[in-house]
Amino acid sequence: MHLKRTVTPLLAAVATALALAACGDSDPLSGGGGDGDAIVIGSQDYYSNEIIAEIYAQALEAEDFEVDRQFRIGQREAYVPELESGEIDLFPEYSGPLLQYWEAETDARLSDDVYAALTDAMPEGLRVLDQSEATDQDSYVVTRDFAEKWELTTIADLADVTDQLTLGANSEAESRPNGPRGLKNAYGVEVGFAPIEDGGGPLTVKALKDGDIQLAIIYTADPSIRSNDLVSLEDTEGLFLASHVVPVASDDLDEDAAAVINRVSAAMTADELLQLNQRSVDEELPAQQIAADWLADADLG
């Protein structure tokens, strides 16, 4: 499941105030919350997801669609039933974790396979629109200097590194499929392991930059990647479950509205999602401003 990240107290306060202003006194799970013709857009209680939902909302409003924002609902157990019942019309999701919600034992790992399986797994009344290039998933990350020294772009390139490699991650990663054993099985790369119990946070980044570890597990959309000039290595074998940003929509969503959201998905890159998240965390800007600026830059607002 996609997990909520930690945000600064000021950012959390601003985001909460904005969400309350958008939703008024209505319950986020109460459905339409107003004009029945409005497109109800939901979001997770996670700053990055709320930014994407706000981009959807503003892009639709720019095309004269009426929108009802029902943001910061929570995790899948809370909002998926509302999607399935038709109370929410549109929701930004993540392909792999959502697929596993409905098909826990899926064998799909790579981007196209996951998207195809998710399309088939959608319950009656729901559909997935075009997935974005933008991802928010676990990845192996190295410093820019290390990547350039060894000409690394993919995980497979690690096989050419002759120095000792050490992977840093939470202790449970040592025995997980994407830990040292999985890396050796999938790519033939042997690494040592250093437990760092901060989920790819500041301690992990410091260990990377100090050279105590050469490899870390960090989300592809984590702002620390951009602010510390780190590099996510491409996972060509599907060691990590693909998790692209993908809009989930009701079958009742107008096709013209769906086309607007597909244009957003086509325009959003992985690096741009990183930038959006960095503006939220580092600049502490509200989702509305971040979304408006991105849409203007993309000529979609």
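If you read the sequence from its start, that first residue is 1, and numbering goes on from there. Basis for what follows: all heavy atoms, side chains included, without hydrogens, waters or symmetry-related copies.
Minimum interatomic distance between D157 and E151 (heavy atoms only, all atoms of both residues): OD2-O, 3.7 Å. Across all non-hydrogen atoms, the minimal contact from V264 to A59 is CG2-CB, 3.8 Å. Annotation for Y56 and V246: closest pair OH-C, 4.4 Å, computed over non-hydrogen atoms. Between V161 and L165 the shortest heavy-atom distance is CG1-CD2, 3.9 Å. The shortest non-hydrogen separation linking A242 to S95 is O-OG, 3.5 Å. Minimum heavy-atom separation, S43 to R72: OG-N, 2.9 Å.
Between S265 and P247 there is a side-chain heavy-atom pair separated by less than 4.5 Å. Taking 4.5 Å as the limit, every side-chain heavy atom of F71 sits out of range of all side-chain heavy atoms of Q44. In this structure, the side chains of T143 and V231 stay at 4.5 Å or more apart for every pair of heavy atoms. In this structure, V40 and D89 have side chains that are in contact, with non-hydrogen atoms separated by less than 4.5 Å. Taking the side chain as every heavy atom from C-beta outward, L83 and L126 approach each other to under 4.5 Å. A heavy-atom distance below 4.5 Å is found between the side chains of I55 and M268. Using a 4.5 Å heavy-atom threshold, the side chains of N49 and F91 count as touching. At a threshold of 4.5 Å between non-hydrogen side-chain atoms, the residues H244 and Y94 do not count as touching.
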(request) Mind running side-chain contact (heavy atoms from CB on, under 4.5 Å) on W102 and V80 for me, showing each step along the way? (result) CA-CA 10 Å; W102 284 305; V80 169; 3.9 Å; yes
(request) Output, in order, the C-alpha distance, side-chain angles, deciding distance and verdict of side-chain contact (heavy atoms from CB on, under 4.5 Å) for L98 and L118. (result) CA-CA 8 Å; L98 183 60; L118 178 60; 4.0 Å; yes
(request) Decide side-chain contact (heavy atoms from CB on, under 4.5 Å) for W150 and D145; before the verdict, give the C-alpha distance in whole Å, the side-chain angles of both, and the deciding distance to 0.1 Å. (result) CA-CA 9 Å; W150 295 102; D145 287 345; over 6 Å; no
(message) If you apply the rule side-chain contact (heavy atoms from CB on, under 4.5 Å), what do you find for V142 with L215, and how did you get there?
(response) CA-CA 5 Å; V142 299; L215 197 62; 3.6 Å; yes
(request) Walk me through it: do D136 and S243 pass the test side-chain hydrogen bond (donor to acceptor under 3.5 Å, both in side chains)? (result) CA-CA 6 Å; D136 199 349; S243 180; over 6 Å; no
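Not one N or O on the side chain of Q289 forms a donor-acceptor pair closer than 3.5 Å with the backbone of P286. Although no hydrogens or angles enter the test, the distance criterion places no donor-acceptor pair under 3.5 Å between the side chain of Q278 and the main chain of P223. Between the side chain of N170 and the main chain of A173, no donor-acceptor pair closer than 3.5 Å is present. In this structure, S85 contributes its side chain and E82 its backbone to a donor-acceptor pair below 3.5 Å. D222 contributes no side-chain N or O that, together with a main-chain N or O of Y219, makes up a donor-acceptor pair within less than 3.5 Å. A side-chain donor-acceptor contact under 3.5 Å links Q58 to the backbone of Q288. Remark: the backbone N or O of Q137 is not paired with any side-chain donor or acceptor of T135 at under 3.5 angstrom. Panel note: side chain Y187, backbone E237; a donor-acceptor pair is recorded below 3.5 Å.
Once rounded to the nearest 0.5 Å, the distance linking CG of D235 with CZ of R109 reads 8.5 Å. Here the straight-line distance linking atom CG of L183 with atom CG of L158 works out to 6.5 Å at 0.5 Å rounding. Within the model, atoms CD of E87 and OG of S250 stand 10.5 Å from one another, a figure rounded to the nearest 0.5 Å. How far CG of D252 is from CG of L90: 12.5 Å, rounded to the nearest 0.5 Å. The CZ atom of R76 sits 9.0 Å away from the OH atom of Y101 when rounded to the nearest 0.5 Å. Separation of atoms OG (S224) and CG (D229) is listed at 11.5 Å; rounding is to 0.5 Å.
L273 and I218 fall into different hydrophobic clusters, defined by Ile, Leu, Val, Met, Phe, Trp and Tyr side-chain heavy atoms under 4.5 Å apart, directly or through other members. Hydrophobic clustering (ILVMFWY, side-chain heavy atoms < 4.5 Å, transitive): L230 and L233 are in distinct clusters. Connection of V248 to L241 is established within a shared hydrophobic cluster, with ILVMFWY side chains joined at heavy-atom distances below 4.5 Å, either directly or through further cluster members. Both I261 and V245 are assigned to one and the same hydrophobic cluster, defined by single-linkage of ILVMFWY side chains at heavy-atom distances under 4.5 Å. L239 and V141 are not part of a single hydrophobic cluster, where members link through side-chain heavy atoms under 4.5 Å apart.
Enclosure of atom CD in E283 by more than 12 non-hydrogen atoms of other residues, nucleotides or ligands within 6.0 angstrom is indicated. Shown here is D163, whose CG atom has more than 12 heavy atoms of other residues, nucleotides or ligands within 6.0 Å. Atom CG of D210 is surrounded by more than 12 heavy atoms from other residues, nucleotides or ligands within 6.0 Å.
Between F240 and Y140, the angle of the ring planes goes over 60°, which puts this pair in the perpendicular group of the 30/60° scheme.
In summary, R279 and D293 engage in a salt bridge, as defined by a charged side-chain N under 4.0 Å from a carboxylate O. Salt-bridge formation is detected for the pair R226/D271: a Lys NZ or Arg NE/NH1/NH2 atom is positioned less than 4.0 Å from an Asp or Glu carboxylate oxygen. Here E93 does not pair with R127 in a salt bridge; the nearest charged N to carboxylate O distance is not below 4.0 Å. Taking a cutoff of 4.0 Å between a charged side-chain nitrogen and a carboxylate oxygen, E50 and R69 do not qualify as a salt bridge.
Among D282, L274, V281, the single residue meeting the side-chain contact (heavy atoms from CB on, under 4.5 Å) criterion with S227 is D282.
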Show me the side-chain donor-acceptor pairs of residues 197-205 shorter than 3.5 Å, one per line, residues at least two apart or across chains.
| from | atom 1 | to | atom 2 | distance (Å) |
| --- | --- | --- | --- | --- |
| E197 | OE1 | S171 | N | 3.3 |
| E197 | OE2 | S171 | N | 3.3 |
| E197 | OE2 | S171 | OG | 3.0 |
| D198 | OD1 | G201 | N | 3.3 |
| D198 | OD1 | T204 | OG1 | 2.5 |
| D198 | OD2 | G201 | N | 3.3 |
| D198 | OD2 | L203 | N | 2.7 |
| D198 | OD2 | T204 | N | 3.3 |

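Residues forming a side chain to side chain donor-acceptor pair (under 3.5 Å) with R181 (at least two apart in sequence, or on another chain): none.
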